[in-house]
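Here the structure is a predicted model, which means the values were calculated and not measured.
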Amino acid sequence: MTIAEPPTRPARPAGGVVGTSVPRVDARAKVTGAARYVDDLTAPGALFGRTVRAAIPHGVLRSIRLDPAFDWAGVTVVTASDIPGRNCILQDTDDQPALVPEGGRVRHVAEPVALVAAETRARAAVAADHVLVDIEPRPAVLTVEEALTGAVEVHDGGNVLHELRLERGEVDAAFAAADVVVEGTYRTGPAEHVYLEPQGVLAWWDEGDRLVHVAGSMQCPYFVHRALAALLDLDGRAVDVRQATTGGGFGGKEEYPSVVAAHAALLARKAGRPVKLVYERGEDLAASTKRHPSVIRHRLAATSDGRLLAVDADVILDAGAYVTLSPVVLLRSVLHVAGPYRFPNVRVRGRAVATNHPPSGAFRGFGVPQAIFAAERQVAKMCRALGADPLAFRRANALRPGDTTITGAVLDESAGLFEVLDALEHQLSLAPPSAPSTGPRSAVTAHRGRGFAVAFHGAGFSGNGEAFIQPEATVDLAPDGSFRVLTSLVEMGQGARTVLAQVAADALGVDLALVDVPEPSTLVVPNTGPTVASRTTLIGGAVVAAASRRVRAALGAWAHDHGLSVDDVAAVARARASIAPALSCTEGYTPPADAVWDQATLTGDAYPTYAWSATAVDVAIDDDTSEVRVERCVQVIDAGRAINPQAVAGQVHGGTLQALGWALWERVPRSRGAVVSPSLSTMVVATAADAPEIESVVVEVPYRGGPSGAKGIGELPMDGPAAAAANAVEDALGVVTDELPLLPEVVHRLRGGRP
């Protein structure tokens, strides 16, 4: 990977660790094997859990019986009748049952209907096979088009689970007056997270059945906490959710661990023993959430001299069988589907519809990659229709400081699209690195093309989300004079613990070695909100910095009262810790004072700030095989301020490769609502061997509301590369590339089957 410097960079203040690539605080434990992932955790007398699933996409559960020919000694069986509280996986809605009761509806093939636990994994698997499930089949709905007809009802509330509308200006009049109108329908399929470590938890109870503990691989401990309290009919103080070392998430461990934790806790409660429930990879691929498949119909209107007049878009997401996170994913799509451009006239409709697939969920980008794919394919078509230079056209219509977004918010600062476009053009003017690229090697018979995309990504939760969560973080002084940062934000490989430690160390004015960011337990840490939505650095960093400044101020006041110099904060901390009561400060997040959002009309400040990107992808397509080779990929992002430049580079590299995989190589094949061949040996996933040399450029356009000017960039690198790759294939072949993934067989079909 090439880490390229932008043409200009703001000066950094002297001293401190913010802005430096310090080693990861969790690195040693991980590379030496000392880190304990959930399957490394043990407990005396622990059993192994297994889930019994429906195996058909739609029906009514008539009965659950235990095979009388099987020896059930030592096997614990749980059904819906064993649930002490509400039979639901509580998220923003309660429509998804933890276990389908007899007489209840089965809505997808991976629907849990019963649980078993036994002394060994092998015996649990055999026992699960002897749970006899009788399901009366019903017709299945497997496409959004079928769902919208309403001929078969998937969800009790109707097949449209959530709908949004946004409209400003005179859209129809603008299209009537336009010189050029382009339109298209854009389709994307499901995508698999392929986190390093499958879903898993260990659950156990103390004090009889009055206190439940769950340790697991997760992104959002308080999501699991809330779901368990409702399911088990417990006060929140009787639920302890602990994050184990987590091997990747990418959104796939946002809401889904609540399901695994619920099942393990129910088994442990009935068995009276700890239960470990860790999915095998095939089960994880078959049952866990995927990126929402999408169908987006999009129209653009422009003048003959290249000025955008109006956008009209209809966003449809396949939510699967239950609501889960679809409303917030849909909101993201709707808010980003116009792209980072000025539009005086806007109409966007969004719908999340129910099908008999397993529920869709969060995946890096949260609905934005689907939206940007449609928006940037449209811009590429408009450039072709006008004969316009693709970068010049984007520059002419790009949002800039002082402009108004489609929700009516004024961009008053940190709108860095022009800076990233400048850096992209500068990087493209340089010779590319001499490194192997991906795909076919037949240079003589290949068609070549270049594609561009620009993107923006709202940092933090949409609308009033942060005000609703009211995130908090605590910084306290330990007895040894060190500092502990308590937050529910988790480390899942992205470097969060390191970045938050850097922010705290700078705000405290101490050496990084004196700051500890432990893995969270809900009995100890406040609710800082989930580790999602590009909010860890922006929101989490802001509250950690605020709490750290309060601790430093308290130390300064104490030092002044005791006649000590506050120049050496660490020395003051050691002195106070040795003789004074514990010092602990908690701070919450305060949204910008002038931020106003109306959810009913989707107007106002949708996000506190945006991060911006520009991407260029060069491809070569093999004439014989239609394989797409990435010959060059340049990704420029505006991070606001790079707290840890190497961590930012890792996020850019990883997100870019994920996006290219989604665009060109990866597919989740499904038939009758089930994943076909759920195995990594048959499901193609981008690996290091497929990675081109990614030239990442970090531009810093600081945001005053972020710690040291930082913004959230974890998802931004996922947004643009797929569209850029599709535009490059169109540039190379002259075919319409309005669907993803562009596998060789798809490219071959788009070429009319011609070599």
S288 and Y195, any side-chain heavy atoms less than 4.5 Å apart: yes
Looking at Y279, does the NZ or CZ of R53 lie under 6.0 angstrom from its six-membered ring centre and within 45 degrees of the ring axis? yes
Note: W662 and P741 closest approach over all heavy atoms is O-CB, 3.4 Å
Search all heavy atoms of L90 against all heavy atoms of A230 and return the closest pair with its distance. CD2-CB, 3.8 Å
Where is the tightest heavy-atom contact between R237 and L523, given as atom of each residue plus distance? O-CD2, 3.9 Å
Check for a donor-acceptor pair, side chain of K253 on one end and backbone N or O of C220 on the other, with a separation under 3.5 Å. no
Sorted by chain and residue number, the side-chain contact (heavy atoms from CB on, under 4.5 Å) partners of S681 (sequence neighbours excluded) come out as S679
Any chance you could lay out the salt bridge (Lys or Arg N to Asp or Glu O under 4.0 Å) test for R121 and D39, step after step, and finish with the verdict? CA-CA 12 Å; R121 281 191 172 95; D39 213 19; 2.5 Å; yes
R535: which residues meet the salt bridge (Lys or Arg N to Asp or Glu O under 4.0 Å) condition with it, sequence neighbours left out? E466
State, with a plain yes or no, whether a side-chain heavy atom of E280 is found less than 4.5 Å away from one of R50. yes
Under a 3.5 Å threshold, yes or no: a donor from one side chain and an acceptor from the other, between H193 and R364? no
Non-hydrogen atoms of R670 and P293 that approach each other most closely: NH2-CG, 3.7 Å
What orientation do H225 and Y222 show, parallel under 30°, tilted 30 to 60°, or perpendicular over 60°? tilted
Per the salt bridge (charged side-chain N to carboxylate O under 4.0 Å, His left out) rule, what does the pair list look like for residues 108-120, sequence neighbours excluded? E119-R273
Counting only N and O atoms by type, is there a donor-acceptor contact under 3.5 Å from the side chain of D506 to the main-chain atoms of V17? yes
One should read off an interatomic distance between E197 CD and D284 CG, to the nearest 0.5 angstrom, of 9.5 Å
Does a side-chain heavy-atom distance below 4.5 Å link R36 with L41? yes
Heavy-atom nearest pair, G252 first then Q219, reads N-OE1, 3.5 Å
Could you give me the CA-CA distance, side-chain angles and deciding distance for R497 and D26, then say whether salt bridge (Lys or Arg N to Asp or Glu O under 4.0 Å) is met? CA-CA 8 Å; R497 288 177 67 191; D26 57 332; 5.4 Å; no
Below 4.5 Å, heavy atoms only, C-beta onward: do T246 and E491 meet side chain to side chain? no
Heavy atoms of I713 and I637 approach each other most closely as CG2-CD1, 4.1 Å
I'd like to know whether E666 forms a salt bridge (Lys or Arg N to Asp or Glu O under 4.0 Å) with R291, so could you lay out the CA-CA distance, the side-chain angles of the two residues, the decisive distance to 0.1 Å, and finally the verdict. CA-CA 12 Å; E666 300 177 18; R291 186 182 295 282; over 6 Å; no
Going by atom types only, do S462 and Y607 share a side-chain donor-acceptor pair under 3.5 Å? yes
